[in-house]
Every structure is written in structure tokens, then in C-alpha cells.
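Take a look at the structure set out below.
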Amino acid sequence: MSVTILVGAQWGDEGKGKIVHFLSQEADIVARYQGGANAGHTVVTGERTIVLHLLPVGALWPHVTAIIGAGVVVDPIDLMKEIDLLQKSGIDLTGRLLISHKAHLIMPYHKLLDRVAEEKSSEKIGTTGRGIGPAYVDKATRTGIRIVDLLDRDVLRAKLRRNIEEKNLLLSRIYETEELNEDQIIAEYLKFDKRIDPYVKDVSVFLSEAISEGKKILLEGAQGTLLDIDAGTYPYVTSSNPTAGGALTGLGIGPRCIDHVMGVLKAYTTRVGHGPFPTEESGEFGKRLRETGVEYGATTGRPRRCGWFDAVIARYSARVNSIDTWAVTKLDVLTGIDPLKVCVAYEDGQRTYRNFPAVPHILEACRPVYEELPGWKEDISQVRVWEELPENAREYLHFIEEMTSVPVGIVSVGPAQDMTIVRRAVA
Ligand code: GDP
Ligand code: IMO
Ligand code: MG
């Protein structure tokens with residue numbers, strides 16, 4: 001493995017949590033590099049289902065050092081809740097959770113602004129309401145508060161006061177809603193210094209040393225390529241860079257450190273929130289996928305929009321991330337569907353698109369061009385080796401390989417950790 005970036009190749013919820021958990025068995029370090037508690041990464045082990053929002057999924061293995069990089073936006077309240085939750089289930093992070101001193105913080109005003117902006121907007125994004133966008137706004141306008149500021153009470157007090165005064169003006173004058181209590185927030189956040197201090201680290205230095213020692217490192221992307229603020233379907237995106245490039249800036253490492261990029265690709269397509277979705281099936285078939293695949297948001301519980309596999313998107317993801325291998329998830333959900341449709345291009349009546357245009361008004365006008373493949377009826381959830389997959393299931397995966405010029409390395413046939421077929425070992 002050495003250093004592997006794992007990215008979501010579609011609109012998030014591809015099953016990154018399951019694949020990261022599976023790969024982390026052999027990893028020394030697992031690091032989150034962007035996003036925040038908008039993520040919902042599900043892990044099914046034995047009888048237990050655990051959803052992590054902020055901590056890297058690798059943290060569930062006691063031998064793994066878990067890292068939160070500078071590119072992540074950290075809500076200290078959510079973070080402490082998640083640490084405590086794991087502690088209660090017997091998973092102790094002492095000495096093996098490292099948080100970059102440069103990571104920005106999510107404050108109560110970010111969450112409030114996220115919510116009221118959505119409520120009042122006529123063009124909703126459908127955010128998770130976790131304050132992600134507003135926190136990255138402050139980072140970009142250079143007024144953000146970072147983990148390092150939590151450790152200096154005077155700095156924290158001054159920065160909070162300035163920010164809350166400004167946000168209260170926004171809240172009352174623009175959004176016509178209640179202001180926040182400045183003193184109460186300051187008192188609450190001044191208390192975090194002692195709790196956060198043991199975890200704070202220069203993550204870039206730690207990682208570069210680990211890389212020179214040959215440690216196995218997995219970089220866990222949250223969200224997905226089409227939610228990337230640059231590569232995605234802007235403005236219907238999140239506010240960070242889930243794509244492979246974000247792993248470098250979000251952790252303070254350079255491109256030559258990376259050995260492998262794995263794309264997690266759901267065998268069909270889903271999306272939560274608003275924005276274009278060319279292969280969406282809003283009728284009975286979409287419902288069938290949602291029910292069979294249990295497609296409900298792991299963070300917000302919202303029903304996920306569902307549709308056919310889109311090879312235009314997969315090809316695009318392969319390009320913008322330099323994907324070396326695919327981990328194809330939820331293949332079992334397609335069992336019994338015959339024929340299976342795969343979108344191979346878009347057309348708008350005037351031209352055909354083979355490259356993903358990533359522009360909402362173009363995508364809205366596009367219709368998918370489908371090819372049909374034969375389905376399979378056999379239950380594949382017990383299959384553990386590639387050769388034992390039904391021939392049509394293998395043909396479906398071969399078709400994905402052909403359309404994207406990227407080999408399939410892992411196939412997931414169920415939510416549990418062992419419901420996994422490894423066809424090619426990861427670098
Ligand atoms: P993530 O955000 O990419 O980590 O994905 P989520 O955890 O939000 O959503 C993926 C859902 O699919 C979770 O409920 C997983 O337990 C489940 N899942 C993952 N892989 C498979 C699979 O191969 N088959 C089935 N049926 N479920 C899966
Ligand atoms: P994981 O890591 C799916 C979506 C939201 C919304 C848009 C912006 O579990 O794959 P935000 O709160 O980030 O400002 O919302 O992005 N979104 C996700 N969709 N999976 C996620 O994470 C997501 N994180 C954000 O639904 O459309
Ligand atoms: Mg998710």
C-alpha cells in the first residue's frame with residue numbers, strides 16, 4: 001500500500017467507509033484530509049454498525065494512527081462526542097489520534113449561517129447543515145479560527161469576539177434571525193484547550209517521517225469527485241477538494257509521496273441534495289434501488305436519489321484523480337435487474353458529450369445515452385473470489401474497466417467487512 005489516496009468517484013456515499021475499514025487492517029496510518037462532519041462513513045463489523053463523521057474510519061483499528069489534516073474543518077463539539085462514543089465502545093484513541101494545528105474550526109455561527117442561508121435561499125444546495133460552507137468561507141477570507149488558536153486563550157477570545165460581532169450583524173440584518181450570545185460561546189470554547197491539546201501535532205512533519213520509514217498510509221477522502229468545489233457540479237458541491245489533489249494540500253505532503261490512487265465507485269449512482277443527475281430514475285426503478293441498497297443518508301437520514309451507473313462520470317473521475325484501480329461497491333444491489341443500463345455518453349439534441357461537462361445548465365439539458373448489458377440472478381453476497389462471480393457480473397465490471405481504462409481491484413458484495421473480493425492487491 002505505502003501511500004494510497006482513496007477518493008469517492010461519484011457524489012459521495014460510494015461505500016468509502018467500508019473499503020477504508022477493510023484496507024486499514026493492513027495500514028499503519030489513516031488520515032482524513034478535507035471536509036468535516038458532513039461525511040457519514042459506515043462500517044459494519046460483526047453485529048455492530050458504526051457511522052463516523054469526522055474521525056478517519058481507520059481509527060476503529062487499535063493498531064492504526066488516525067490523523068485529521070489541515071484541510072479538514074473540525075467542530076470541536078462533534079469531535080469530542082465522537083472520541084467519547086468510541087471510548088464507550090472500548091476504542092481508545094489516546095496517543096494515536098493526531099490533529100493538525102492548522103485545521104480550521106467549525107463554530108456555532110457557521111452551523112447557524114449554513115442553516116439560515118439554506119432556508120432563505122431560492123436556489124438551495126441541500127447542505128448537511130454542519131456549517132461546512134461558512135467555515136471554509138472564513139478560511140478563504142482569512143478570518144478563520146484554527147486548532148492552534150484553541151490553545152491560546154487570549155488569541156481565541158479576541159478572534160471569537162471579532163467573528164461573532166460580524167456574524168451577528170449578518171444574522172440580524174441580512175437573515176433577520178436571532179443573534180448569538182457572544183460571552184456564552186467564548187466561555188464554552190475556552191474550555192476546549194485542555195481536551196484538544198494532547199492530540200495537536202504538526203501532521204505534515206509526522207507524515208513525512210512516516211513516509212520515509214516506509215509506513216503504510218491510507219488517505220481517506222470524504223464526499224466525492226462530483227462534490228469537489230473545483231471538479232464537481234458547482235454550485236451543487238461541498239466547499240472542499242475531495243479529489244486526490246486535496247489530499248496533498250490537506251495534509252502537507254507532495255505529489256511524489258503518493259504511490260496509488262483508488263477510486264471508490266458504486267455499481268450504480270446516487271446523490272443527496274440538489275443539483276443535476278443525468279441518470280437519475282425518479283420512478284419505481286429508483287425506488288427499488290433505494291430500498292434494496294438502503295440508500296438513506298448516513299448523516300442526515302435523507303433518502304438518496306438513485307439511478308443507473310454513469311460511465312461518463314467514472315471516466316471523468318479517473319482523469320481528474322489519476323485513479324489506478326477501482327473498488328466497485330454494492331454490486332449485490334444489482335442482482336436480479338435485467339437488463340442493466342450503463343450511460344456511455346450524453347446528448348442534448350445538438351451534440352454528444354463523452355467528457356463530463358460539470359456545468360449544471362448543460363447537464364440539465366442532457367439526456368443519457370445507454371448501452372444495455374445482461375444481468376444476473378445468482379446471490380453474489382457470499383462470493384469471495386473474482387472467478388466465482390456470475391459471468392454477467394464479471395462482464396459488467398469488464399465494461400466499467402473498458403469505459404474508464406482503469407482496472408477493478410476490489411469488488412464489494414455486501415456491507416460487512418468480509419463481503420469483499422480482492423482481485424488485485426493494492427500497491
Ligand atoms: P461513504 O460515505 O462513502 O462511506 O458511504 P456511506 O457509508 O454513506 O454509504 C454506503 C452504505 O452502503 C452504507 O450503509 C454501507 O454499509 C453500505 N455498503 C457498503 N458497501 C456495500 C456493498 O457492497 N453492498 C451493500 N449492500 N451495501 C454496502
Ligand atoms: P460522504 O463522505 C454525500 C452533499 C450535501 C449537499 C452538498 C453540500 O459520506 O460521502 P455540505 O454540507 O458539504 O455543504 O453540503 O454536498 N454532501 C454529501 N453527499 N456524501 C457526503 O459525504 C456528503 N457531504 C456533503 O448533501 O448536496
Ligand atoms: Mg456517506
Side-chain angles (χ1 to χ4, degrees), residues 6-22 32-45 48-54 56-57 72-73 106 110-111 113-115 117-118 124-137 220-229 232-240 242 263-268 270-277 289-305 327-335 379-381 383 410-421:
L6 181 140
V7 293
Q10 294 147 322
W11 275 292
D13 302 327
E14 297 90 350
K16 298 176 294 293
K18 139 118 202 211
I19 301 296
V20 171
H21 187 246
F22 178 80
R32 276 275 310 263
Y33 56 84
Q34 46 69 234
N38 49 347
H41 295 177
T42 314
V43 171
V44 178
T45 53
R48 278 199 306 180
T49 297
I50 303 172
V51 180
L52 289 183
H53 300 284
L54 197 49
V57 157
V72 177
V73 280
I106 297 197
H110 293 132
K111 290 201 252 192
L113 283 168
D114 193 0
R115 255 172 267 144
E118 277 280 283
K124 298 185 195 312
I125 304 291
T127 71
T128 59
R130 300 296 178 109
I132 305 297
Y136 280 114
V137 165
E220 174 181 342
Q223 288 78 54
T225 300
L226 297 189
L227 289 172
D228 183 286
I229 193 160
T233 45
Y234 188 91
Y236 302 100
V237 292
T238 191
S239 302
S240 67
V264 184
L265 196 55
K266 201 179 277 191
Y268 50 96
T270 62
R271 167 163 216 177
V272 240
H274 301 284
F277 179 175
L289 280 178
R290 184 175 314 117
E291 297 314 315
T292 321
V294 201
E295 295 295 355
Y296 293 89
T299 298
T300 57
R302 291 177 290 178
R304 295 174 182 152
R305 299 156 64 194
V328 176
T329 59
K330 305 193 92 160
L331 191 66
D332 54 302
V333 176
L334 298 185
T335 298
D379 175 11
I380 58 170
S381 61
V383 176
I410 291 179
V411 183
S412 174
V413 291
Q417 193 198 319
D418 66 325
M419 296 171 126
T420 312
I421 299 167

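Whatever order the structure lists ligands and atoms in, that order sets their numbers, starting from 1. Heads up: numbering here begins at 1 and tracks the sequence.
By the 4.0 Å heavy-atom criterion, V237 is counted among the residues contacting ligand 2. Residue contact check for ligand 2: Q223 places a non-hydrogen atom closer than 4.0 Å to it. The shell of residues lying under 4.0 angstrom from ligand 2, judged by heavy atoms, excludes R271. Taking a 4.0 Å cut-off on heavy atoms, G8 fails to register as neighbouring ligand 2. Under a 4.0 angstrom heavy-atom cut-off, K16 registers as being in contact with ligand 2. Ligand 2 lies within reach of G126, whose nearest heavy atom is under 4.0 Å from it.
Looking at R304 against ligand 1, only its side chain comes within 4.0 Å, counting heavy atoms. Contact annotation for A298 and ligand 1: only side-chain heavy atoms (C-beta onward) come within less than 4.0 Å of the ligand. When non-hydrogen atoms are compared, ligand 2 lies under 4.0 Å from the side chain of R302 (C-beta onward) but not from its backbone. Contact annotation: for V43 versus ligand 1, there are no heavy atoms closer than 4.0 Å. Under 4.0 Å from ligand 1, the heavy atoms of D332 that appear belong solely to its side chain. The proximity of W11 to ligand 2, defined as any non-hydrogen pair under 4.0 Å, is limited to the backbone. Contacts between V272 and ligand 2, counted as non-hydrogen atom pairs separated by less than 4.0 Å, involve both the backbone and the side chain.
Of the protein's non-hydrogen atoms, the one nearest atom 6 (P) of ligand 1 is G40 O, 3.5 Å. L227 CD1, 3.7 Å is the protein heavy atom nearest to atom 17 (N) of ligand 2. When hydrogens are left out, the protein atom nearest atom 15 (O) of ligand 2 is T127 CA, 3.4 Å; that is the closest non-hydrogen contact. Atom 20 (N) of ligand 2 has as its closest protein heavy atom D13 OD1, 3.1 Å.
The shortest distance between side-chain heavy atoms of P276 and R271 falls below 4.5 Å.
Listed by chain and number, the protein atoms of type N/O/S under 2.8 Å from the Mg ion (ligand 3) are D13 OD1, G40 O; waters are omitted.
For the side chain to side chain contact (heavy atoms under 4.5 Å, CB included) with V44, the qualifying choice from I50, D418, T49 is T49, the only one to do so.
Within ligand 1, counting atoms from 1 as listed, the ones closer than 4.0 Å to a heavy atom of S412 are 20 (N), 21 (C), 22 (C), 23 (O).
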